[in-house]
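A note on names: the letters A, B, ... follow the listed sequences, proteins ahead of strands, and every chain is numbered from 1.
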Number of protein chains: 2
Amino acid sequence: MAATPLFRRIDIAPAYQKVADAIEREIINGRIKPGEPIGTEQQLVAQFGVNRSTVREGIRVLEEGGLIRRDSSRRLQACLPRYNKLATRLSRALILHEVTFRELFETSMTLEVASVEGAVERATDDNIAELAGNLERSAAVVGDPAGLAELDAEFHVLMAKASQNRVLQLAREPAAQLFFPTTEMIVGGVPEGGARLVEAHRHILDAIMRRDKEAGVLWTRRHLQDWRRGFEKIASLDRSVEHTYMEHAYAARQ
Amino acid sequence: MAATPLFRRIDIAPAYQKVADAIEREIINGRIKPGEPIGTEQQLVAQFGVNRSTVREGIRVLEEGGLIRRDSSRRLQACLPRYNKLATRLSRALILHEVTFRELFETSMTLEVASVEGAVERATDDNIAELAGNLERSAAVVGDPAGLAELDAEFHVLMAKASQNRVLQLAREPAAQLFFPTTEMIVGGVPEGGARLVEAHRHILDAIMRRDKEAGVLWTRRHLQDWRRGFEKIASLDRSVEHTYMEHAYAARQ
DNA sequence: TCTTATCGGTTTGTCCGACAAAGCTAGATT
DNA sequence: AATCTAGCTTTGTCGGACAAACCGATAAGA
């Protein structure tokens, strides 16, 4: 293939991109640690020898990527990318690719089952306490679809957290962000929907506490199957996650 | 909680952010479709009534998010976010969070098994042809760890594609990007490693063609277990994905 | 003494104007 | 008709500017 590697590929990139890349590299390889300051725009201007507008464009790129942020006093600092923010980007991509609810459901089933398995194996007392707190609050709002939907989403986030697997936590988030907003509609549309949901959560938590993987998986599956049955009452699984439908759910981001 | 909702929360956002949000909204809800032009910077300046520098900062934000891009002549147009690019952001996040190989492995196992299940169910002739082509090329470079590692990564991408589940495709990508670069080390370090890898791929493809889910899952598990055994010969699974180690793999992005 | 008000000095967000390089358009040339 | 060329447009970058917000420290008041 390669005949004579005489010349290196010449790197032609706009200045703002090079600024972004340079800062990114320092953060990725750990020379700038999360929380540490990057410097003022003026300093970056001096260091890179480019105009402030150029620096600012580079900064926007990194800021959007979640690698840097501005602290309370608007000074630049490196930071750990928030899963949540990145997941929002992914959810957006899924919307635009018009994925179907079937795809969402199938993947969520896989990931939630993996979550519960991890949680059963490795949940700490703190994790369990958090889940129990969530369950208690859920039981209190069982008649309120909106409130319950929100707590349901939280329950699953806590379950993923309890799995102690951060890769899994990250992987499930994008699908979850699109999957769970429908819960409100479903809980509201099915009589006893709220009660069934809380019941399932209770069994799942119980399984986690008893370290009973089989039961945990079983109830997680039932829980999701409930969602599916509810969803199929109002729409086809092969319907795509629509722009207009998802707009409000998506707009809830900050 | 909420006493008197007398005042709306006043949204104080910098102008460039509002510019980005406005354009993003038009794309998300489908009023601007992928491929359609956004307009020149000058036009945006006129429409939003802000300075070009401000518009450009907003544009950078969207560009980084993969929502817009510049075509061959550098004009702005909406586009579908590429999974690949987004996955790179996520991989970066995983590196910074210093996730362990155990977490990567566990999650990849879940997702690859889900992939093969989907592929067994729904792979098209085209998918199978692609996988067969990959297998053929793999067999030809069985002695070349670097080449084989690359083809291995491709095989798994193709398998996810064959599952016809785009959510799954997206969900597996970040972990895969970190997981598979190690393959080269492992294949190179284990005698017969390359042969075993190709053998596993062959069985997996065979299972997909025969629509034999059990066999597909079995060989996928074996395949990943092989990776795990190989990895444990050189390092602990509890070792985190390190900055310096991952730097070169990560640098391979464009 | 402790709190509050004030006052420069910085830094950010935004604006204005400008220019070279590259791409596109359309008229001029062969 | 095909090609070349000149002009217009657009982007990437630059320099400078200014109001608002923020920081730190000092001065004034309880």
> Whole Å only: how far is the CZ atom of B:Phe48 from the C1' atom of C:dT14?
Replying inline: 16 Å
> Got a salt bridge between B:Arg75 and B:Glu36, using NZ or NE/NH1/NH2 to carboxylate O under 4.0 Å?
Replying inline: no
> Given atom CD1 of A:Ile59 and atom P of C:dT11, what is their separation to the nearest angstrom?
Replying inline: 13 Å
>> One thing to verify: whether A:Arg166 and B:Glu98 come together as a salt bridge, which I'm taking to mean a side-chain N less than 4.0 angstrom from a carboxylate O.
In response: no
>> Run A:Phe179 and A:His156 through ring-ring contact (aromatic ring centres under 6.0 Å, His included) and show every step you take.
In response: CA-CA 11 Å; A:Phe179 186 78; A:His156 289 267; 8.1 Å; no
> Quick one: is B:Thr54 getting a side-chain N or O under 4.0 Å of the C:dG13 phosphate, OP1 or OP2?
Replying inline: no
>> Can you tell whether the side chains of B:Glu64 and A:Arg60 come within less than 4.0 Å, N to carboxylate O?
In response: no
> Could B:Arg69 and B:Glu63 be called an ion pair, given the rule that one side-chain N must be under 4.0 Å from one carboxylate O?
Replying inline: no
>> What is the first contacted nucleotide of DNA chain D and what is the last, in 5' to 3' order, if contact means an atom lying under 4.0 angstrom from a heavy atom of chain B?
In response: D:dT10 to D:dT13
>> How many whole angstroms separate atom CD of B:Gln42 from atom P of C:dC16?
In response: 11 Å
Are there any protein N/O atoms within less than 3.5 Å of an N/O atom in nucleotides 17-23 of chain C, and if so, which ones and at what distance?
{"residue": "C:dA18", "atom": "N6", "partner": "B:Arg52", "partner atom": "NH2", "Å": "3.4"}

> Does B:Leu178 offer a backbone N or O that forms a donor-acceptor pair with the side chain of B:Thr182 under 3.5 Å?
Replying inline: no
> Parallel, tilted or perpendicular for B:Trp227 and B:Phe105, by the 30°/60° rule?
Replying inline: parallel
> Under 3.5 Å, is there a donor-acceptor pair between the side chain of B:Asp152 and the main chain of B:Leu148?
Replying inline: no
>> Can you measure B:Arg60 atom CZ to C:dG13 atom P for me and round it to whole angstrom units?
In response: 17 Å
